[in-house]
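Each remark here refers to the structure printed beneath this line.
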There are 2 protein chains.
Amino acid sequence: MTRAQSGNRPAFDTLIQMAALHGAPDNPAACPIRDVLDRVGQKWTLLILIALTPGPRRFSALQRQVGDISKRMLTQSLRQLERDGLISRQVYPTKPPSVEYALTELGQSALDPIAVLTDWADRNHDRIRAARTAFDATA
Amino acid sequence: MTRAQSGNRPAFDTLIQMAALHGAPDNPAACPIRDVLDRVGQKWTLLILIALTPGPRRFSALQRQVGDISKRMLTQSLRQLERDGLISRQVYPTKPPSVEYALTELGQSALDPIAVLTDWADRNHDRIRAARTAFDATA
DNA sequence: CAGCATCCCCATCGATACTG
DNA sequence: CAGTATCGATGGGGATGCTG
């Protein structure tokens, strides 16, 4: 079993372990990886989580901050995140009603893996783009 | 600016920074986060990367290991990963031709963030499932 | 064995319009 | 302001069959 530079031993073991059981095809939600990956794959979830990092945000504020997201998708994504316990939803019954979304503790904890991921993405984006150009040139 | 427990300071800063620029809607590939996230979101890419963690694998071996992936998607995903420079493809011109896929150094480095992610998923899957049940009960 | 080609479905997402 | 409702397009992805 060869291994290169990896500095995350415990996390790495989890990964190996996951590679072994490779998920239950009949019940995808039973496999933590697939379950979480489904959410991560959702075009907007991570962007929303990131947008909430500095602090609580209202619906419209979120929409402006994420940029090109429709109200439909924002609502949908927020619901899912709330259901998963990653964000909380607080309604203030003012005259024009306002709703504030915030990261829960669980959501906060999710930021760590996300940060590691985006950090990797940021550091290696150039290499990836270079690899693509090289590949396209060969092909 | 409130912050909870986060232990990843440098990575965290990248995240904040990303939250600020929130991507170029017109050119998604220009934003590292969205670019990488697109791949991560691909149903099979991470599973394949994980399957390659213990060492190089042949096509059929990969298909068996991942489980329920069609040859079509396996081929497609492998191509993309190869293009991105995460895996290498070595062809052995034997009588029945065999092709061996392996992680490149870049691919190896990608395992770290992935491991952190799956580790988080594994540790918090119960809480997420619990949150869902609670949410569904309330609704 | 490895993988390309074809057909087709359906989940995801966008756009628009309407409501409390 | 914060959604909901509806329609429609796009393409990811499954099933099957064929080739070198």
Side-chain angles (χ1 to χ4, degrees), chain A residues 23 25-26 28-29 34-35 37-48 51-52 56-84 87-102 135 139, chain B residues 22-26 28-29 31 34-48 51-52 56-84 87-102 135 139:
Chain A
D26 46 338
R34 298 212 184 187
D35 195 11
L37 252 46
D38 282 356
R39 305 292 180 264
V40 171
Q42 304 285 104
K43 193 170 180 181
W44 301 111
T45 41
L46 289 204
L47 280 314
I48 293 175
L52 283 174
R57 290 282 183 278
R58 305 237 316 270
F59 189 88
S60 335
L62 272 175
Q63 188 173 16
R64 276 191 300 273
Q65 188 166 344
V66 175
D68 54 341
I69 183 175
S70 64
K71 284 187 291 185
R72 182 183 190 275
M73 292 318 297
L74 183 56
T75 305
Q76 205 170 92
S77 309
L78 286 172
R79 278 284 180 284
Q80 222 173 27
L81 286 171
E82 185 194 0
R83 191 175 105 98
D84 288 355
I87 65 175
S88 64
R89 182 186 129 107
Q90 180 73 1
V91 184
Y92 297 101
T94 50
K95 300 64 159 276
S98 77
V99 181
E100 205 172 60
Y101 295 91
F135 183 89
Chain B
H22 78 268
D26 46 337
C31 174
R34 297 212 185 188
D35 194 13
V36 172
L37 252 46
D38 282 357
R39 305 290 179 266
V40 172
Q42 303 286 101
K43 192 171 180 180
W44 302 111
T45 41
L46 288 205
L47 279 316
I48 292 175
L52 284 175
R57 290 281 184 278
R58 304 238 315 272
F59 189 87
S60 335
L62 272 175
Q63 188 172 16
R64 276 191 300 274
Q65 187 165 347
V66 175
D68 54 340
I69 183 176
S70 64
K71 284 187 292 187
R72 183 185 190 272
M73 293 318 297
L74 183 56
T75 305
Q76 203 170 95
S77 309
L78 286 172
R79 278 283 179 286
Q80 224 174 24
L81 287 171
E82 185 193 1
R83 192 174 104 99
D84 288 354
I87 64 174
S88 64
R89 183 187 127 108
Q90 180 73 1
V91 183
Y92 297 100
T94 50
K95 302 65 161 273
S98 77
V99 182
E100 205 173 61
Y101 295 92
F135 183 89

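Since the model is a prediction, treat every value here as computed from it, not as a measurement.
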- request: Quick one: label A:Tyr92 by what it contacts on the DNA or RNA (base, sugar-phosphate, nothing), any heavy atom closer than 4.0 Å.
  value: nothing

task: Would you please name every residue forming a side chain to side chain donor-acceptor pair (under 3.5 Å) with B:Glu82, sequence neighbours left out?
output: none

- request: State whether A:Arg58 places a side-chain N or O below 4.0 Å from either non-bridging phosphate oxygen (OP1 or OP2) of D:dG3.
  value: no

field: Results of side-chain contact (heavy atoms from CB on, under 4.5 Å) for A:Ser88 - residues two or more places apart only
entry: A:Ala102, A:Thr104

Nucleotide C:dT19, atom P - distance to CZ of A:Phe59 in whole Å: 18 Å

Spacing of A:Leu37 atom CG relative to C:dT12 atom P, expressed in whole Å: 14 Å

- prompt: Is it true that A:Asp38 and A:Lys43 have a side-chain N and a carboxylate O under 4.0 angstrom from each other?
  reply: no

task: Report yes if a side-chain nitrogen or oxygen of B:Tyr101 is closer than 4.0 Å to either non-bridging phosphate oxygen (OP1 or OP2) of C:dG3; otherwise report no.
output: yes

task: To the nearest Å, give me how far apart CD (A:Gln63) and P (C:dG14) are.
output: 11 Å

- request: Report the distance from atom CG of B:Asp38 to atom C1' of D:dT10, rounded to the nearest whole Å.
  value: 15 Å

Table of protein N/O atoms under 3.5 Å from nucleotides 11-14 of chain D N/O atoms:
unit_1: D:dG13; atom_1: OP1; unit_2: B:Lys43; atom_2: N; d: 3.4
unit_1: D:dG13; atom_1: N7; unit_2: B:Arg72; atom_2: NH1; d: 3.0
unit_1: D:dG14; atom_1: OP1; unit_2: B:Lys43; atom_2: NZ; d: 3.1
unit_1: D:dG14; atom_1: O6; unit_2: B:Arg72; atom_2: NE; d: 3.3

field: Rounded distance (Å) that lies between atom P of D:dC1 and atom CG of A:Leu74
entry: 13 Å

- prompt: What integer distance in Å separates A:Arg79:CZ from D:dA2:P?
  reply: 13 Å

message: Quick check: closest heavy atoms across A:Leu52 and A:Tyr101, and the distance to 0.1 Å?
response: CD2-O, 3.4 Å

query: For A:Arg83, what residues pass the salt bridge (charged side-chain N to carboxylate O under 4.0 Å, His left out) criterion, not counting sequence neighbours?
result: B:Asp136

message: Closest approach to the side chain of B:Thr75, judged atom by atom: which nucleotide of C:dG3, C:dG20, D:dG3 is it?
response: C:dG3

- line: Which of D:dT4, C:dG3, C:dC1 is nearest the side chain of B:Lys71? It is C:dG3

message: How many whole angstroms separate atom CD of B:Glu100 from atom P of C:dG3?
response: 12 Å

- line: Taking C:dC1, D:dG3, D:dC1 as options, the one with an atom nearest any side-chain atom of A:Val99 is D:dG3

side-chain contact (heavy atoms from CB on, under 4.5 Å) involving A:Lys71 - partner list, sequence neighbours excluded: A:Phe59, A:Gln63

query: side chain to side chain donor-acceptor pair (under 3.5 Å) with B:Arg72: which residues, sequence neighbours excluded?
result: none

